[in-house]
Amino acid sequence: MDKLIAIGGGPLSGKVRISGAKNAALPLMISSLLTKETLRISNIPHLHDITTTMELLGQLGVKLQVDETLAIEANASEVESVIAPYELVRTMRASILVLGPLTARFGRAEVSLPGGCAIGSRPVNLHIKGLEAMGADIKIENGYIKADTHNKRLKGARVFMDLISVTGTENLMMAAALADGITVIENAAREPEVIDLADCLNAMGAKVKGAGTDEIVIEGVEKLGGADHRVIPDRIEAGTFLVAAAISGGKIKIVDVIPRQIESVLDKLREAGCQIETGEDWISLSAPVGKLKSVNVRTAPYPAFPTDMQAQFVLLNCIAGGTATVIETVFENRFMHVHELQRMGADIELDGNTAVIKGVGNLFAAPVMATDLRASACLVLAGLVAEGETVIDRIYHIDRGYDCIEEKLAQMGASIRRVPGHYFSQQSA
Ligand code: EPZ
């Protein structure tokens, strides 16, 4: 397994273009299953999860082409299978998003239960409850979700989401697009990625209203057509690079970003003492001259502070000049980066879903291990501000969700390189 070596150095500054959002691109690609016509999606990020999604769609019989701009053309006119196998689903939970479209268009689907992941048990009961409300018969057998409409069209239904789930909302929105009648999703997720999917579905001929609010109304149609859709920028990648500049005393301009989509993060960076300016599709940040101020953070569904930025702000508070709490309310086990940061000299007390962080000014290099996508980005940034050479292991997590992270950080002046896993065995021999 490859590792990343990050060497603590000076300020991270420069200009970075933000890639398309992973969590928008995945449901957008999967929505191609809803139509016989070709769906073209541009601004796709170059990530392992995108490759996995292409593999999954290919196995279902979707014809895929990638053009010179990395845009993907998907055509599901000859889908041969409705089975999403465990081997693929276990590597990428978002595979669950094929359940709604397959059931809606083909009346059947067999999708492996995704199982938990490092950050939590991640149940999919709300996805299943919604499809059952629309008339699908669902059984769980041998680790697979087996949906069957008995050759009937799904029916519109009113579905209340007990918990706010982004992929839950997206799965049901896609299924409802082809259902007979009106579906109302209450307590829906309001994330920008949900809006992006609704915009694409409407371009395909769907009738989705209210995306971005907590009540989405979908009037089902008989069939959907093709479309040409550009993926929105990745607000979490944007936030990650802003934190990189903030914690290293740097100055950054990020372009191809939608500032209002990370307002909660910008608010916290200002509170920490950063100077921030925004334009229509850009954000510039200058770190404070002295120490950053510690900032209290509480994660919650959009538009509140995103859980995917929690690890990065635990790190910011590690080197800020005070004490702060970070409360994680979305996932039950999303503090694994804390133990790694403690090994680098951080002063963090964990108490259930609350981390109390006392700023220690600076961290020291140590071999660390990535555990989940966003935690791994936090460890890379920690290595770039710590004294010495930090080796980050299991960086496949980072490759799933960040497009060319070492190249983009190197553009900002970072000293970072990827080495093959056996590099160290040779070194030690
Ligand atoms: C999406 O996950 C993102 N993934 C996550 O990003 C992100 O952290 C999360 O939303 C929150 O913003 C994608 O969009 C592909 P959930 P999602 O499992 O919607 C409970 C990343 O790093 N729940 O629905 O799949 C669940 O336990 C990833 O890019 C149920 O109880 O999140 C959790 O507490 C990590 N039953 C909460 O809802 C269900 O049926 C949200 O979890 C579904 C969810």
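Numbering of ligands and ligand atoms starts at 1, following listing order. Count residues from 1 along the sequence.
Considering Asp196, Asp256, Asp199 in turn, Asp256 is the only one that fulfils the salt bridge (charged side-chain N to carboxylate O under 4.0 Å, His left out) rule with Arg230.
One finds no salt bridge joining Arg235 and Glu237 here, because no Lys/Arg side-chain nitrogen approaches an Asp/Glu carboxylate oxygen to under 4.0 Å. A salt bridge does not link Arg417 to Glu406: none of the charged nitrogens lies less than 4.0 Å from a carboxylate oxygen. Taking 4.0 Å as the cut-off between side-chain N and carboxylate O, Glu328 and Arg334 do not count as a salt-bridged pair.
In terms of protein heavy-atom proximity, atom 20 (C) of ligand 1 is closest to Leu163 CD1, 3.8 Å. Given atom 1 (C) of ligand 1, the protein heavy atom at minimum distance is Val166 CB, 3.8 Å. Asp308 OD1, 2.6 Å is the protein heavy atom nearest to atom 8 (O) of ligand 1. Here the heavy atom of the protein found nearest to atom 4 (N) of ligand 1 is Asn23 ND2, 3.6 Å. Remark: minimum distance from atom 17 (P) of ligand 1 to any protein heavy atom is reached at Thr167 OG1, 3.5 Å. In terms of protein heavy atoms, atom 40 (O) of ligand 1 is closest to Leu126 N, 2.7 Å. Among protein heavy atoms, atom 2 (O) of ligand 1 sits closest to Arg122 NH2, 3.4 Å. Of all protein heavy atoms, the one closest to atom 39 (C) of ligand 1 is Pro123 O, 3.0 Å.
Heavy atoms of Tyr302 found under 4.0 angstrom from ligand 1: none, in either backbone or side chain. Counting heavy atoms under 4.0 Å from ligand 1, residue His127 touches it through both backbone and side chain. Residue Arg374 touches ligand 1 through its side chain alone, judged by heavy-atom distances below 4.0 Å. In Arg334, the part holding a heavy atom less than 4.0 Å from any atom of ligand 1 is the side chain. At a heavy-atom distance under 4.0 Å, only backbone atoms of Ile164 (N, CA, C or O) approach ligand 1.
Going from atom CD1 of Ile232 over to atom CD of Glu191 covers 10.5 Å, rounded to the nearest 0.5 Å.
The side-chain contact (heavy atoms from CB on, under 4.5 Å) search around Ala311 returns His337, Cys378, not counting sequence neighbours.
Annotation for ligand 1: atoms under 4.0 Å from non-hydrogen atoms of Ser165 are 19 (O), 24 (O), 43 (C), 44 (C). Each of the atoms 39 (C), 40 (O) of ligand 1 lies under 4.0 Å from some heavy atom of Val124. Atom numbering of ligand 1 starts at 1 in the shown order; those under 4.0 Å from a heavy atom of Lys22 are 21 (C), 29 (O).
Between Thr307 and ligand 1, no N or O atom pair is found at a separation short of 3.5 Å. For ligand 1, the polar-atom distance check against Phe331 finds no nitrogen or oxygen pair separated by under 3.5 Å.
Judged by the shortest distance from any of its heavy atoms, His397 lies outside the 4.0 Å radius around the atoms of ligand 1.
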Enumerate donor-acceptor pairs with a distance under 3.5 Å from any side-chain N or O in residues 77-91 to protein atoms, sequence neighbours excluded.
residue : atom : partner : partner atom : Å
Ser77   : OG   : Asn75   : OD1          : 2.5
Ser81   : OG   : Ile83   : N            : 2.9
Thr91   : OG1  : Leu88   : O            : 2.6

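Looking only at side-chain heavy atoms (C-beta outward), Ile185 and Thr183 come within less than 4.5 Å of each other. Taking the side chain as every heavy atom from C-beta outward, Leu373 and Tyr402 approach each other to under 4.5 Å. Side-chain contact between Asp180 and Leu154 is absent, with no heavy atoms from C-beta onward closer than 4.5 Å.
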Inset, instruction - Show the numbers, then the answer: is there a side chain to side chain contact (heavy atoms under 4.5 Å, CB included) between Asp137 and Thr149? - result: CA-CA 6 Å; Asp137 248 351; Thr149 67; over 6 Å; no
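Between the side chain of Asn187 and the main chain of Met161, a donor-acceptor pair closer than 3.5 Å is present.
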